[in-house]
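Below is one structure, written out as structure tokens; comments come after it.
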Amino acid sequence: MLSKVKTCVLYGLDGYEVSVETDLSGGLPNFSIVGLPDISIKESKERVRSAIKNSNFNFPVSRITVNLAPANLKKEGSQVDLPIAVGILSASKIIKKPINEKTFIIGELSLDGKITGIEGALPMVISMRNNNFTKAIVPRDNREECSAIEGIDIIPVESLCELVNYLNEDFFIEPYKFSYNYTQEEFSEDFSEIKGQPAMKRAVEIAAAGNHNILLLGSPGSGKTMIARRIPTILPDLTFEESLEVTKIYSISGLLNNKGLIYRRPFRSPHHTSSRTSMAGGGTNPKPGEVSLAHNGVLFLDEIPEFPKSVLEILRQPMEDGRISISRARGSFTFPAKFMLVAAMNPCPCGYLGDPTHECSCSQGQIDKYLSKISGPLLNRIDIQVEVLPVKYEDLKNNKEEESSAEIKKRITHARQIQEERYKNMGIFTNSELPTKGIAKYCKVNRESELLLRDAFEMLGLSARAYNKILKVARTIADLEGCENIETNHVAEAIQYRSLDRKYWR
Ligand SMILES: Nc1ncnc2c1ncn2[C@@H]1O[C@H](COP(=O)(O)OP(=O)(O)OP(=O)(O)O)[C@@H](O)[C@H]1O
Ligand SMILES: [Mg+2]
Ligand SMILES: [Zn+2]
């Protein structure tokens, strides 16, 4: 008897259909699998045999041939054990009816017949739904994430035994429905806890409004880390599509913990000892790195000069294109990596250069060496640079109520809506993504601003990229105010956020 079972394997973030064909025939009992790498066949056979026996089914005493097609798609034993077991039970008529060809089965099978959760269930279900599959049989542990997808029935199962009963229609399993409570989880931190520091808050608000990268430079204890951690509280809510993108990445990284969609914008703060692989992504079965885990959210690099140059250079491609390519022997993978970079640093090794209240004890040589860790090209890609001064004593002591995250978020959300509307036919959402062509069209400035820009260009020795970034930041400042035209004061403020690289990195 011949049976056919469909399953899915992942390649990067995309799932591919795999067909498991099982043939039982007379002759000496034998069990062979075609289409798996040699090393994993033996183990896979043992696992399938144990799981079937331990589920109290008879393992057929016949000649069993399993073919996995297409052969050129890389598969691993543990990914295909479950469909192989179902294929054998189907060919031996323990599963009585053929399995619908628009149904696919994913999950890992343990020796006792339990079906355990897998990484990447969500991207698999999305890909297979797009290939017109109508039913996904998934491990119970993966049901929350999968059920967010419309147009396909999600059948959660816990064991091989339960699955066989379901396929034999002895036991009905209701398709799992997404409980659509799109509520934002509350944050435990808030902007209102940050006393004073109006200049830093203003710069961060502009950065968040236009999704600009930002560098905070200042003396120890001035609140840089504090404000960075609170940026997700002022960013607009994730849209459903964005939420799916983020959840897919966390799904294949195994970071979902049986939960459903991720509603919160990610905040990632990798330590400066992080490796290149953990930052960029990679491994034999490529997993997304920090730059992708921060997709649609914030990548915070605290004490950025402590990061090795080789790790920081990884950021250049994603900062430009919003994605990262990882080359492997078997081809290259691309993962999304559109994040808002927030970097923090002191101005010198002792931390107090430029601080009005402390003496800096560093030599010029030490300072130069410290600053040189941030390369020109990286600095050039940072739209907003701010110098953070120590908190004023009066600000710390007074009980003045500071603005809450909710109030700031309202302004930012409004500015984002203006940008979305303006760029709706361009496939981008924020000013930071505006390509050079768009700058000429949407960032026109008046005569007075032109003169201001010319002076700044000469005085600060700006690059063409820096010049464009000033215009984009000015656009965001105008959007925050709801102004259609960019005014001179918007340009002047934007120029001010570009002056640090000249002051410190000469
Ligand atoms: N503006 C502020 N309002 C209230 N508390 C503040 C403020 N700035 C700093 N603090 C307090 O000081 C602590 C240290 O601040 P934070 O860690 O953000 O400083 P930092 O600028 O990152 O310093 P470093 O350069 O040493 O990393 C905070 O946890 C907070 O308790
Ligand atoms: Mg800090
Ligand atoms: Zn110093």
Side-chain angles (χ1 to χ4, degrees), residues 187-208 213-235 267-274 290 294 298-308 311-312 340-374 378-379 382 384-409 497 500-506:
F187 287 95
S188 55
E189 295 170 324
D190 199 276
F191 258 66
S192 57
E193 293 150 351
I194 308 168
K195 298 274 182 192
Q197 299 293 41
M200 171 166 72
K201 284 181 184 162
R202 166 78 178 163
V204 165
E205 178 171 336
I206 295 166
N213 300 314
I214 183 169
L215 170 71
L216 306 168
L217 182 142
S219 44
S222 51
K224 303 182 294 294
T225 303
M226 189 179 186
I227 200 166
R229 294 201 167 283
R230 285 162 178 75
I231 291 177
T233 68
I234 58 168
L235 288 173
F267 178 87
R268 300 294 297 187
S269 67
H271 194 251
H272 54 71
T273 53
S274 302
E290 291 293 338
V298 174
L299 181 69
F300 177 42
L301 301 186
D302 208 356
E303 298 167 31
I304 189 168
E306 302 293 331
F307 284 79
V311 170
L312 293 181
M340 172 181 168
L341 177 74
V342 180
M345 66 185 289
N346 299 128
C348 65
C350 87
Y352 291 109
L353 180 65
D355 187 308
T357 56
H358 287 78
E359 204 59 58
C360 164
S361 60
C362 310
S363 70
Q364 191 58 44
Q366 283 173 316
I367 296 172
D368 291 344
K369 183 160 172 245
Y370 180 78
L371 293 175
S372 74
K373 295 195 183 155
I374 313 297
L378 179 64
L379 197 62
I382 297 181
I384 297 182
Q385 305 152 0
V386 260
E387 185 160 27
V388 186
L389 296 173
V391 200
K392 292 207 188 88
Y393 180 76
E394 312 88 79
D395 285 337
L396 262 187
K397 279 295 138 210
N398 85 29
N399 283 326
K400 190 181 137 234
E401 213 176 297
E402 299 285 346
E403 225 183 355
S404 71
S405 293
E407 286 167 80
I408 303 170
K409 180 170 165 176
Y497 296 129
L500 272 195
D501 47 357
R502 286 299 126 185
K503 178 165 167 195
Y504 287 95
W505 286 266
R506 258 180 285 254

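Each ligand, and each atom within it, is numbered from 1 in the order the structure gives.
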M226 heavy atoms, cut-off 4.0 Å: which ligand 1 atoms fall inside? 4 (C), 5 (N), 6 (C), 7 (C), 10 (N), 18 (O), 30 (C)

Please classify the N346 to ligand 1 contact at 4.0 Å (heavy-atom distances, strictly less than): side chain, backbone, both or neither. side chain

Going by distance only, is there an N or O of [X] that falls short of 3.5 Å from an N or O of ligand 1?
| X | answer |
| --- | --- |
| Q197 | no |
| V391 | no |
| I194 | no |
| G218 | no |
| D302 | no |

For [atom], is there a protein heavy atom at a distance under 4.0 Å?
| atom | value |
| --- | --- |
| atom 13 (C) of ligand 1 | no |
| atom 29 (O) of ligand 1 | no |
| atom 10 (N) of ligand 1 | yes |

Would you confirm whether [X], through its side chain, and [Y], through its main-chain N or O, come within 3.5 Å as a donor-acceptor pair?
| X | Y | result |
| --- | --- | --- |
| K195 | K397 | no |
| N398 | K400 | yes |
| Q366 | C350 | no |
| S405 | F191 | yes |

Any atom of ligand 1 sitting under 4.0 Å from a heavy atom of [X]?
| X | answer |
| --- | --- |
| E193 | yes |
| G221 | yes |
| S222 | yes |

Closest protein heavy atom to atom 25 (O) of ligand 1, given as residue, atom name and distance to 0.1 Å: K224 NZ, 2.7 Å

re atom 22 (O) of ligand 1, the protein heavy-atom contact at minimum distance is T225 OG1, 2.7 Å

Could you tell me whether E402 and K201 make a salt bridge, using a distance below 4.0 angstrom between a side-chain N and a carboxylate O? yes

Between the side chains of K373 and E306, is the shortest nitrogen-to-carboxylate-oxygen separation below 4.0 Å, so that they form an ion pair? no

N/O/S atom of M226 inside 2.8 Å of the Mg ion (ligand 2), strictly under: no

